[in-house]
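These numbers come from a predicted model, not from an experiment.
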Amino acid sequence: MMRSTRTRRGWLPRSPRLFTVDRRNEQSRLVRMGARGASYDVASRRGRNDGFGPDDGFEGVARPLFVVLAALVAVVALRLVWLQVIQGPSLAASAAAQRTNVVAVHARRGTIYDRDGNVLAMSQACKTIYCNPQKVNDPNGAARILAEKLGGEASSYLATLRGDSSFSYVRRQVDTDKAKEVEDSLRDAKANGIYFLDDVKRVYPYGAVGSQVLGIVGTDGDGLSGLELYYDDVLKGTDGELVFETGSKGTPIAGTSAQASTAQDGTDIVISLDIDVQEAAERTIAKGTEDFDAESGSVMVTDPKTGQIIAACSTPLYDVTDTSKIEEGATSLKPVSSSFEPGSIFKLLTTAIGIDDGLMGTETTYDVPAYLKVGDDYVSDDDGRDYGMDMSVREILRRSSNAGAALLAQNVIGAERFSEGIARFGIGSYTGIDFPGEVPGLVKTLDQYDGASLGSMSFGQSLAVPLVQMVKAVGALADGGTLHAPHFLVSKGGQEAEWGPAGQAVSAETASAVTDMMRTVVQEGTAVHAQVEGYDVAGKTGTGEQAGETGGYIDYSYVSSLIGFAPASDAKVLVYVGLNGTPYLASASAAPLFSTIMGEALSDLGVAPTN
């Protein structure tokens, strides 16, 4: 039984082991401590309150702990200020961007009409199909439906449907009816994660006709070639934006879409093409290229009094409604973008320069040798004659005499007048045509002439030009010597385009004189196969040799061409036809093609027969 004892503070348990002091041991310990005993006693009195005060060790730990906690609170507070005040706006914007998708709403591209108001290219409403691969619950089933409705193999859709992104295009610019079929089938199959967006696409009521001239529009609504590219800023308009919020995995949130900006439709334009003449030109040159074993063929039809282009094309042709099958070079319009030696059609300019400078007349006669020295070589005629002949300027053109043209240039006109004369016709310069890809050609300036330049250039060799330059130059002969830039644009947004004259190449009298000689060429010269029954046609053939890659000319490889206009006395239509890399002379190849195209053009444009 535990004993207790009474003290001044009350009753406490009595325990000798805990509370009984051995005074002898205590005294001995104090003696051993010496001075330290007094210090201990003082410390005991300071550290205790009657034996029950706080311990000095606790106070030593609490103070540093308080400092650390205060520092942590300060750091957290500063971090909150930084995040909420300094970085708050940018973080909010970043969060909004992560949950927001912006999709372009394409503007309706302007319509392109031909000269008679026929729609050649227009924009049509359609649907673009896209998906969130993270939400596609049945990729295999969806792929089978897409393949069945849109074509192709189901496997070709799986990579898109199983992608890692939250937004992928499945098929762009799908007809609305077809898109509705896809949507209904997916809904019936309970296939989720595939969505539909309003879009527009380019359609062509006349199919492939005029593809090179019209050009291609990309899926993003940008013009990529042809007039679609040249007038892209007019036709395109301004796209709008559709904004919609998405969930954590990119799933569009229903009811959150909003039009951020409205699309502004593009401007309509009217061009000078006649779709019927264009179709006839394409059909004729495609067949002619094949029939005459040519590498390619080109056609350009214009109104020579205005420069308006009624038809233009070159082979190979392509179908703008199916751009997956385009041969190399098919999108280029070769009369604009490629340079060729023009051949004997250039003799028209040589004679015009001489007549306009008062150096000769149509009946002025010269003794033309069988062989005429040009530089270090001798020039002869295609008829193979080995004797000299007296020829008038008219006869030189009728026979298309190379020696005769070189003689006129070297012995009558001279280099300076010749160089100035072809420059007045715009040879070696841009024509100003409103079409992408025009080249200026390769034409020597006067200071670059060598001993052979003048004689060779007189009949269309030693220079290379895009054939649109010859269309412009000969067009001046058809319109009293006045030059007009070949062009397509008639009006935009209902406002008529202004195309004034581009200069005066020769006088009206000179133009009339050369035109009369061109009549002779068609009636009884090298262009007899270019005649069109009932019409007075003026024309000139050209057979330019093809230069090889290693120098010199390739045997039996010509640029065979014919250029002319009708009616001769009041021209309404000018036609150029060229075959590149054909073994046939122009009189047997380009001439009949010219006749076909000119006849169709005169008829379609309502030009009355002259006789």
Hey, could you give me the OG/OH distance between S419 and Y449, rounded to the nearest 0.5 Å? 4.0 Å
Between E395 and R398, does any NZ, NE, NH1 or NH2 come within less than 4.0 Å of an OD or OE carboxylate oxygen? yes
What one should report as the nearest heavy-atom pair of P304 and H484 is O-CD2, 3.4 Å
Should K201 and T219 be marked as a side-chain contact (heavy atoms from CB on, under 4.5 Å) after you check the CA-CA gap, both sets of side-chain angles, and the distance that decides it? CA-CA 8 Å; K201 69 175 181 178; T219 53; over 6 Å; no
Taking everything shown except E496 itself, do over 12 heavy atoms lie less than 6.0 Å from its CD? no
F459 versus A405, closest heavy-atom pair with distance: CB-CB, 4.2 Å
Check M518 against G564 and note the closest heavy-atom contact, atom names and distance. CE-CA, 4.5 Å
Has the side chain of S211 got a donor or acceptor atom that lies under 3.5 Å from a matching backbone atom of Y318? yes
Does D381 pair with R385 as a salt bridge, N-O distance under 4.0 Å? yes
Distance-only check: which donor-acceptor pairs under 3.5 Å involve side-chain atoms of residues 591-610, not counting sequence neighbours?
from, atom 1, to, atom 2, distance (Å)
S595, OG, Q531, O, 2.7
T596, OG1, P592, O, 3.2
T610, OG1, G534, O, 3.3
T610, OG1, D536, N, 2.9

Less than 4.5 Å apart, side chain to side chain, heavy atoms only: is that true for D356 and R424? yes
Donor-acceptor contact present, side-chain T515 to main-chain A511, <3.5 Å: yes
Rounded to the nearest 0.5 Å, what's the gap from CD1 on I275 to CZ on R115? Could you check? 12.5 Å
Qualifying residue, where the test is side chain to side chain contact (heavy atoms under 4.5 Å, CB included) with L585 and the options are T543, T541, T526: T543
Is there a side-chain hydrogen bond (donor to acceptor under 3.5 Å, both in side chains) between Q504 and T482? Walk through the geometry before answering. CA-CA 5 Å; Q504 193 75 18; T482 301; 3.0 Å; yes
side-chain contact (heavy atoms from CB on, under 4.5 Å) between V374 and Q410, intermediate numbers included: CA-CA 9 Å; V374 174; Q410 293 183 158; 3.8 Å; yes
Closest non-hydrogen contact found for D293 with P583 is O-CD, 3.8 Å
Output the distance between atom CD (Q278) and atom CG (N118), rounded to the nearest 0.5 Å. 12.5 Å
Say whether, by atom type as modelled, one donor and one acceptor occur between the side chain of D303 and the main chain of K305 under 3.5 angstrom. yes
CA sep, side-chain torsions, deciding dist, call: R109, D265, salt bridge (Lys or Arg N to Asp or Glu O under 4.0 Å): CA-CA 6 Å; R109 197 170 176 85; D265 290 341; over 6 Å; no
What do the steps show when you test S512 against E509 for side-chain hydrogen bond (donor to acceptor under 3.5 Å, both in side chains), and what is the final call? CA-CA 5 Å; S512 178; E509 292 77 16; over 6 Å; no
Would you find more than 12 non-hydrogen atoms of other residues, nucleotides or ligands less than 6.0 Å from D376 atom CG? no
Treating E363 as the side-chain partner and S392 as the backbone partner, does any N or O pair qualify as donor plus acceptor under 3.5 Å? no
Take Q212 and L317 through the test side-chain contact (heavy atoms from CB on, under 4.5 Å) and record every step on the way to the result. CA-CA 7 Å; Q212 284 171 331; L317 300 167; 3.8 Å; yes
Could you check, using the six-membered ring where one of them is a Trp, whether F435 and Y230 have ring centers closer than 6.0 angstrom? no
Answer yes or no: is there a donor N or O on one side and an acceptor on the other, between the side chain of T323 and the main chain of V320, under 3.5 Å? no
Starting at OG of S456, measure out to CG of D377 and round the result to the nearest 0.5 Å. 8.0 Å
With a 4.5 Å limit on heavy-atom distance, are the side chains of I285 and L579 in contact? yes
Check the surroundings of atom CD in E533: do more than 12 heavy atoms from other residues, nucleotides or ligands lie under 6.0 Å from it? no
In the structure I gave you, are the side-chain heavy atoms of N580 and T582 within less than 4.5 Å of one another anywhere? no
Side-chain heavy atoms of V301 within contact of I309, under 4.5 Å: no
Where the side chain of S314 meets the backbone of K334, is there a donor-acceptor pair that is under 3.5 Å apart? yes
Looking at D382 and R399, does any basic side-chain N land under 4.0 Å from a carboxylate oxygen? no
Would a 4.5 Å heavy-atom cut-off, applied to side chains only, mark R394 and T351 as touching? no
On a heavy-atom basis, which atom in L454 and which in A409 lie closest, and how many Å separate them? CD2-O, 3.3 Å
Determine whether R202 and I112 make a side-chain contact, defined as any pair of heavy atoms from C-beta on separated by less than 4.5 Å. yes
Pairs in or reaching into residues 267-276: which pass salt bridge (charged side-chain N to carboxylate O under 4.0 Å, His left out), with residues at least two apart or in two chains? R108-D268
Student check: side-chain heavy atoms of L120 and Y204 closer than 4.5 Å: no
Given 3.5 Å as the limit, does a donor-acceptor pair link the side chain of E341 with the main chain of G343, or not? no
Just how far is it from atom CD1 of I396 to atom OG1 of T362, taken to the nearest 0.5 Å? 11.5 Å
For residues 466-477, please give each side-chain donor-acceptor pair under 3.5 Å, one per line with the distance, not counting sequence neighbours.
from, atom 1, to, atom 2, distance (Å)
Q469, OE1, G428, N, 2.8
Q469, NE2, S429, O, 3.0
Q469, NE2, P440, O, 2.7
K472, NZ, T431, O, 3.4

Heavy atoms of A590 and S560 approach each other most closely as CB-O, 3.7 Å
No-hydrogen, no-angle side-chain donor-acceptor test under 3.5 Å, S344 and K540: no
Taking L333's backbone N and O only, do any of them form a donor-acceptor pair with S337's side chain (distance below 3.5 Å, no angle check)? yes
Report yes or no: does H487 contribute a side-chain atom to a donor-acceptor pair with the main-chain N or O of A485 at less than 3.5 Å? yes
Salt bridge or not for K444 and D450, using N-O below 4.0 Å? yes
Are D222 and K236 ion-paired here, with the side-chain N under 4.0 Å from a carboxylate O? yes
Y231 side chain near L489 side chain, heavy-atom distance below 4.5 Å: yes
Tell me whether S272 contacts the main-chain N or O of F488 through its side chain, where contact means a donor paired with an acceptor under 3.5 Å. yes
Carefully, step by step, assess L359 and T364 under the rule side-chain contact (heavy atoms from CB on, under 4.5 Å). CA-CA 9 Å; L359 304 174; T364 305; over 6 Å; no
In Å and rounded to the nearest 0.5 Å, what is the CG to OG1 distance from D479 to T306? 9.0 Å
